[in-house]
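All remarks here apply to the structure that follows.
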Amino acid sequence: MGDGIQTLHTWERSGLLDDAWSRREFLKFCGRMAVLLGLSDAFIPRIARALETAIQNRRPSIVWLEFQDCAGNTESFTRADSPSVAQAVLEAVSLDYHETLMAAAGHRAEEARHKALEAHRGQVIVVVEGSIPTKDDGIYCTIGGKTALQIIREVEPYALVFVAVGTCAAFGGLPKANPNPTGAVGVEDVVRTKPVINLPGCPANPDVLMGLLVHYLVFNRLPDLDAQRRPLFAFGKRIHDTCERRPHFDAGQFALAFDDYGARQGYCLYKLGCKGPETYNICASLRWNMQASWPVKAGHPCIGCSERDFWDRFTPFYERLPEVRAFGVEQRADRLGGTLVGVTAVGVLAHALYTWAVRRAERKAEELAKKEGEAKPNPPEG
Amino acid sequence: MAERSESRIIYMKVWQAPIRIAHWLMFASVVTLGITGYLIGNPPFSAPGEASRIYTLGTIRFLHFLAGYVLLASFLLRLYWGFVGNRFSRWATMLPVRKWQWRWIWGETRSLLWPRIRYYAYTGHAPLGNLVYLLVYLGVLFSIVTGFTLYAHQQYTPFWRTLGAWGLALFGYNLNFVHLLHRLMLWFFAIFLVVHLYLVVYTVVVTRTTQIDTMISGKKFVFEEELAPEAEKP
């Protein structure tokens with residue numbers, strides 16, 4: 001580790017160190033990044049060195065584009081109350097354009113983007129926050145007179161990779177929710193020629209974005225992705241399988257209301273509609289706000305905010321399964337199924353009684369005919 | 001039907017051993033899957049005590065997955081036997097692709113709805129029965145696909161990850177929807193069970209043919225002339 005510490009000393013003396021955080025904090029950050037990426041502690045010095053090189057060279061260039069969003073990912077990243085190491089590192093690397101964070105405005109801001117793009121052609125990491133409207137030529141989101149779609153097209157040739165931060169940028173998110181008035185789509189539906197990495201979440205976890213950046217800086221390649229372009233290091237497991245309340249699920253201990261005994265005991269929130277079993281994210285192990293907490297720890301079921309179209313698919317949030325829309329009536333799957341079984345049973349019973357009645361009538365008629373036949377004195381032969 | 005009673009009745013093998021084994025394995029596994037599946041989706045209890053000492057839902061889920069594998073195995077056995085078994089179990093005879101089968105299906109439906117109208121008995125499955133069982137086998141297949149897609153998403157080996165990704169892509173990357181479809185299959189089988197049990201009893205009572213004991217011994221009393229291929233065309 002000596003080498004890494006030496007590196008850190010150089011780095012401290014270089015004057016690039018922001019006074020917001022200490023060397024100790026930086027080392028802890030590197031350690032956490034190693035854990036996040038599943039690396040051994042031998043990699044901590046390498047991570048430190050990679051970050052140092054990146055900061056000294058001020059590259060790769062990062063351009064952060066905001067479209068149909070709430071700036072929630074930016075907010076999450078800056079974590080207003082205490083400037084995080086992650087934010088500082090990202091800014092130090094080279095955050096050349098960020099509408100919310102940059103000091104410049106108007107034409108000068110656009111100029112900064114242009115400069116950054118021209119200077120690092122093909123090497124720009126384009127972070128996109130927010131969905132992209134496509135309806136009516138995308139007029140629902142314009143910046144500096146250009147639509148989001150035009151900006152993406154303009155930036156695409158300069159990009160190394162597009163990083164879709166947040167569920168809106170990754171999958172369309174809330175703007176895409178039914179009825180999707182702006183025809184919103186995610187970055188992956190628009191970008192054709194460059195790789196796209198999705199970091200969904202509402203908001204995305206800032207440490208995951210840092211992990212992605214660190215992975216690129218250390219190994220000079222992008223991390224392994226799953227079928228939905230999400231990095232496996234962060235989206236490789238379901239919330240349900242990493243959840244601290246999981247033992248209560250296996251035991252069969254559930255909170256049935258938000259204020260009952262089970263809720264106070266920290267029992268599993270499965271029956272309150274937790275979407276942890278359907279959601280791939282790292283919340284349970286990485287947590288939020290300086291690893292302080294995360295929704296399930298705070299007592300709220302997961303709503304699956306990092307999954308595709310969660311607003312349409314995972315609602316109602318406090319029910320286990322979505323509604324079944326049948327005959328214009330919204331029903332729970334079990335109520336619908338139970339009703340159908342009941343109707344079938346009644347139908348079967350009715351059919352049995354009906355058949356029995358018809359057959360009985362037939363038998364009666366036969367017996368009657370027989371009796372009448374017997375009553376006749378001389379039945380005809382043959 | 002008067003001439004029938006005069007014809008020779010023989011006691012013949014209809015359902016071969018693999019068919020019977022598959023049938024009862026499916027019965028046992030589907031009932032187990034239904035009960036455990038209902039409990040997993042809607043656990044009606046909250047076990048008291050320390051979570052470290054109890055594993056109630058874990059055990060129920062284990063039984064569910066075990067029964068799922070049994071269902072898969074019995075389905076594969078049935079699938080295979082549909083290609084090599086006797087003529088009563090062949091997929092080729094089960095598919096309603098000929099005109100007479102549809103005529104027969106209509107005749108059977110009519111006699112079920114209007115019990116005054118009699119229809120023919122059939123040695124194996126009659127075409128209407130075949131249609132229903134084809135639907136049920138599709139239901140079994142659908143449950144297996146959705147079930148193993150859900151199962152794959154709890155396993156993190158490359159095999160299961162690939163399988164889970166395929167399964168998820170099949171359903172528009174909507175894992176919650178897969179859960180819903182899988183849940184609805186429970187009610188599909190519940191309805192089938194009610195109808196199936198009723199029709200078995202109905203057939204025994206009304207047509208006086210053996211049904212339940214046939215699925216155990218595999219043998220059935222059959223009119224000899226029904227064995228002629230012409231008998232398939234009423």
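Letters A, B, ... mirror the listed sequences (proteins, then strands); counts begin at 1. No experiment lies behind these values; they were computed from the predicted model shown. FYI, side chains are in, hydrogens and waters are out, and symmetry mates aren't considered; it's all heavy atoms of this structure.
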Taking all heavy atoms of [X] and all of [Y], pick out the closest pair and write down the distance.
X      : Y      : value
B/R183 : A/L321 : CG-CD1, 3.5 Å
A/V341 : B/A190 : CG2-CB, 3.5 Å
B/L175 : A/P277 : CD2-O, 3.8 Å

Are more than 12 heavy atoms from other residues, nucleotides or ligands located less than 6.0 Å from atom [atom1] of [X]?
X      : atom1 : result
A/F258 : CZ    : yes
B/F177 : CZ    : no
B/W187 : CH2   : yes
B/F62  : CZ    : no
B/W166 : CH2   : no

Please flag which part of [X] lies under 4.5 Å from any non-hydrogen atom of chain B: side chain, backbone, both or neither.
X      : value
A/R246 : side chain
A/K237 : both
A/Y261 : neither
A/R359 : side chain
A/V324 : side chain
A/Y267 : side chain
A/A357 : neither
A/H240 : neither

So, the side chain of [X] versus the backbone of [Y]: is there a donor-acceptor pair under 3.5 Å, distance only?
X      : Y      : result
A/D250 : B/Y55  : no
A/Q253 : B/G49  : yes
A/R238 : B/H153 : yes
A/Y270 : B/I40  : yes
A/K271 : B/N42  : no

Quick one: what part of [X] sits under 4.5 Å from any heavy atom of chain A, side chain, backbone, both or neither?
X      : answer
B/F192 : neither
B/Y156 : side chain
B/I191 : both
B/L168 : side chain
B/Y202 : side chain

Name the option with the most non-hydrogen atom pairs under 4.5 Å to chain B; the candidates are [options].
options                        : result
A/G304, A/A333, A/A227, A/G262 : A/A333
A/R320, A/Q265, A/Q228         : A/Q228
A/D334, A/L349, A/D241         : A/D334

* Asked: Most heavy-atom pairs under 4.5 angstrom with chain A, which of B/N174, B/T56, B/V194?
  ->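 Top option by heavy-atom pairs under 4.5 Å: B/N174.
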
* Contact winner vs chain A - B/S52, B/A165, B/G58, heavy-atom pairs under 4.5 Å ->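 Top count of heavy-atom pairs under 4.5 Å with chain A: B/G58.
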
* To do: Carefully, step by step, assess A/T344 and B/Y198 under the rule side-chain contact (heavy atoms from CB on, under 4.5 Å).
  => CA-CA 10 Å; A/T344 312; B/Y198 171 66; over 6 Å; no

* Between A/F249 and B/L57, is any pair of side-chain heavy atoms under 4.5 Å apart? ->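 Yes, close enough: below the 4.5 Å cut-off.
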
* Please step through side-chain contact (heavy atoms from CB on, under 4.5 Å) for the pair B/W114 and A/V358, ending with a clear verdict. => CA-CA 9 Å; B/W114 294 280; A/V358 169; over 6 Å; no

* Asked: So, are B/R161 and A/D226 salt-bridged, with charged N and O less than 4.0 Å apart?
  ->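 Result for this pair is no, no salt bridge flagged.
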
* Just how far is it from atom CG of B/N176 to atom CD of A/E319, taken to the nearest 0.5 Å? ->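 That separation rounds to 11.5 Å.
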
